[in-house]
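Position 1 is the first residue of the sequence; numbering continues from there.
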Amino acid sequence: AAQKLVQTDKVFAIISVTSDMYGAEPYLLKAGIPVVGTGFDGPEWVVQSNSNMVDVEGPSNPATVYTTTALEMKALGVTKCGSVGYIESPSASQSAIAAIKSCESQGIPDGFNDNVSFGSTDMAPVALAMKSHGVDGVIMATVPNTGFALAAALRQQGVKLKAFILETGYGGDLLSSSAAVAAAQGFQFSSTGQPVEMNTPATQTLVKNLAAVGETRTPTFAEQTSYVAMAGLVRGLKDAGPNASQSSFLAAMRKVTDFDADGLFSPEKINFGSYAPTQSCSWLVTLTGTKFVPLPNIPFCGTKVG
């Protein structure tokens with residue numbers, strides 16, 4: 001796919017909203033093609049020698065520990081944290097471990113962390129382990145179906161959760177499934193920047209722009225990610241000036257220190273040149289009925305630990 005874009009379509013840059021970009025990165029780096037997106041698929045986004053990669057959420061190693069998760073858990077009354085990632089995904093497994101370390105850094109006792117294979121739905125063993133460890137708050141570095149399976153298994157074990165956070169799943173695609181809505185009642189979901197339910201000037205612009213191309217539902221993870229990535233691309237083109245080349249575009253991007261995705265990341269400011277950001281912010285909503293309800297006082301902005 002990457003070869004087609006470069007050799008046939010002669011693209012200037014690529015917006016990445018895929019869990020498989022790591023497979024194309026060596027080719028795109030050699031070809032000098034800018035790649036703009038969010039680094040949820042793998043560690044290639046935080047390798048400085050991959051000079052063509054620009055993570056609009058800030059290039060940060062998923063293993064880096066921030067107090068952000070602990071702030072979320074404390075706000076929801078959690079007393080012991082649990083997390084799950086994927087065996088096959090370094091970014092997911094490292095993110096799940098970092099979540100536990102975040103909780104520990106803020107005095108929430110050690111809970112339980114595990115990794116499962118892609119597509120796993122037999123989560124009974126994980127649920128039993130979480131019950132035995134007294135976990136009452138879970139964060140999932142997985143896709144929603146794995147999360148739903150674990151939640152069902154925990155319910156069968158009689159576990160009463162105070163928080164169940166999924167990093168993906170927010171959006172109109174979930175709301176269009178009555179089964180998913182029923183399964184996810186009371187769950188918390190991460191939003192890529194401000195959720196539209198906050199009704200800020202930035203989200204009003206997002207809603208207006210999506211409606212102009214026929215999308216009137218709550219934006220999905222992919223739509224949010226591609227939108228903020230496009231905002232990053234536009235910023236780089238403006239800063240590079242007329243007749244920008246791919247190299248001058250990338251040079252301009254590395255000088256950006258105040259990117260906020262047209263206000264969607266506010267109050268956070270992203271520095272594209274920093275590979276060790278000292279702050280990480282998150283926005284959470286709770287599914288209540290058929291609506292996503294933002295948590296009070298979001299975003300949660302944590303600081304780097306150690």
Side-chain angles (χ1 to χ4, degrees), residues 37-40 45 55-62 64-78 81 83 91 95-96 98-99 101-103 105-106 108 137-141 162-171 174 186-207 218-229 231-232 235 256-272 274 276-288 291-305:
T38 60
F40 62 86
W45 294 86
D55 186 340
V56 296
E57 290 188 301
S60 177
N61 193 313
T64 302
V65 180
Y66 295 90
T67 60
T68 313
T69 297
L71 295 177
E72 296 170 344
M73 293 298 191
K74 281 190 171 183
L76 292 164
V78 171
C81 298
S83 66
S91 59
S95 176
K101 291 182 178 179
S102 174
C103 289
S105 75
Q106 298 303 300
I108 303 178
V138 178
I139 184 164
M140 302 292 294
K162 296 180 179 178
F164 195 86
I165 302 173
L166 292 110
E167 294 186 357
T168 62
Y170 167 77
L174 186 144
F187 289 2
Q188 288 75 40
F189 294 87
S190 292
S191 169
T192 305
Q194 297 174 355
V196 296
E197 291 79 10
M198 289 181 69
N199 196 31
T200 65
T203 62
Q204 290 170 8
T205 300
L206 167 63
V207 169
T218 301
T220 65
F221 172 78
E223 288 169 339
Q224 285 189 306
T225 300
S226 57
Y227 188 92
V228 298
R235 172 64 185 273
V256 172
T257 61
D258 60 349
F259 179 71
D260 66 359
D262 296 339
L264 290 172
F265 289 167
S266 181
E268 190 175 22
K269 301 291 185 183
I270 305 298
N271 181 347
F272 294 153
S274 171
T278 58
Q279 184 184 62
S280 176
C281 295
S282 73
W283 290 258
L284 287 183
V285 297
T286 299
L287 181 62
T288 305
K291 296 183 182 298
F292 291 110
V293 179
L295 267 67
N297 303 316
I298 56 175
F300 298 99
C301 291
T303 56
K304 185 178 178 181
V305 176

Residues forming a side chain to side chain contact (heavy atoms under 4.5 Å, CB included) with [X], sequence neighbours excluded:
X      : answer
Asn61  : Val46, Ala63, Thr64, Gln94
Gln106 : Thr67, Ala70, Lys74
Ala98  : Val65
Ser266 : Gln194

By salt bridge (charged side-chain N to carboxylate O under 4.0 Å, His left out), which residues pair with Lys269, not counting sequence neighbours?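 Checked Lys269 against salt bridge (charged side-chain N to carboxylate O under 4.0 Å, His left out); matches are Asp260.
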For the residue pair [X] and [Y], establish whether any side-chain heavy-atom pair is separated by less than 4.5 Å.
X      : Y      : answer
Phe221 : Phe40  : yes
Ile270 : Asp258 : no
Lys304 : Ser60  : no
Leu166 : Ser190 : no

If every non-hydrogen atom of [X] is compared with every non-hydrogen atom of [Y], which pair is closest and at what distance?
X      : Y      : result
Ala99  : Ile139 : CB-CG2, 3.5 Å
Pro296 : Phe300 : O-CZ, 4.5 Å
Val138 : Met140 : CG1-SD, 3.6 Å
Leu76  : Leu295 : CD2-CD2, 3.8 Å
Val228 : Ala261 : CG1-CB, 3.9 Å

Results of side chain to side chain donor-acceptor pair (under 3.5 Å) for [X] - residues two or more places apart only:
X      : value
Ser91  : Ser89
Ser191 : Gln224
Thr192 : none
Asn297 : none

Distance-only check: which donor-acceptor pairs under 3.5 Å involve side-chain atoms of residues 276-286, not counting sequence neighbours?
unit_1	atom_1	unit_2	atom_2	d
Ser282	OG	Glu72	OE2	2.4
Thr286	OG1	Gln188	NE2	3.4

Has the side chain of [X] got a donor or acceptor atom that lies under 3.5 Å from a matching backbone atom of [Y]?
X      : Y      : result
Ser274 : Asn271 : no
Ser83  : Ala96  : yes
Thr288 : Lys291 : no
Thr68  : Gly302 : yes
Lys162 : Gly77  : yes

Using 30° and 60° as the class limits, which term best fits the ring planes of Phe272 and Phe259: parallel, tilted or perpendicular?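 Phe272 vs Phe259 ring planes: tilted.
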For the pair Val56 and Arg235, evaluate side chain to side chain contact (heavy atoms under 4.5 Å, CB included) and give the outcome as yes or no after the intermediate values. CA-CA 11 Å; Val56 296; Arg235 172 64 185 273; over 6 Å; no
Under the ring pair (Phe, Tyr, Trp, His ring centres under 6.0 Å) test, residues paired with Tyr66 that sit two or more places apart: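 Residues passing ring pair (Phe, Tyr, Trp, His ring centres under 6.0 Å) with Tyr66: none at all.
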Which residues pass the ring pair (Phe, Tyr, Trp, His ring centres under 6.0 Å) test with Tyr227, sequence neighbours left out?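 For Tyr227 there are no ring pair (Phe, Tyr, Trp, His ring centres under 6.0 Å) partners, ignoring immediate neighbours.
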What is the distance from atom [atom1] of [X] to atom [atom2] of [Y], rounded to the nearest 0.5 Å?
X      : Y      : atom1 : atom2 : answer
Met73  : Cys103 : CE    : SG    : 5.0 Å
Thr69  : Ile165 : OG1   : CD1   : 7.0 Å
Phe187 : Leu287 : CZ    : CG    : 9.0 Å

Looking at Phe164, Phe292, Tyr170, which hits ring pair (Phe, Tyr, Trp, His ring centres under 6.0 Å) with Phe189?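 Checked Phe164, Phe292, Tyr170 against Phe189; only one passes ring pair (Phe, Tyr, Trp, His ring centres under 6.0 Å): Phe292.
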Does Gln204 form a side chain to side chain contact (heavy atoms under 4.5 Å, CB included) with Asn199? I'd like the steps, not just the answer. CA-CA 6 Å; Gln204 290 170 8; Asn199 196 31; 3.2 Å; yes
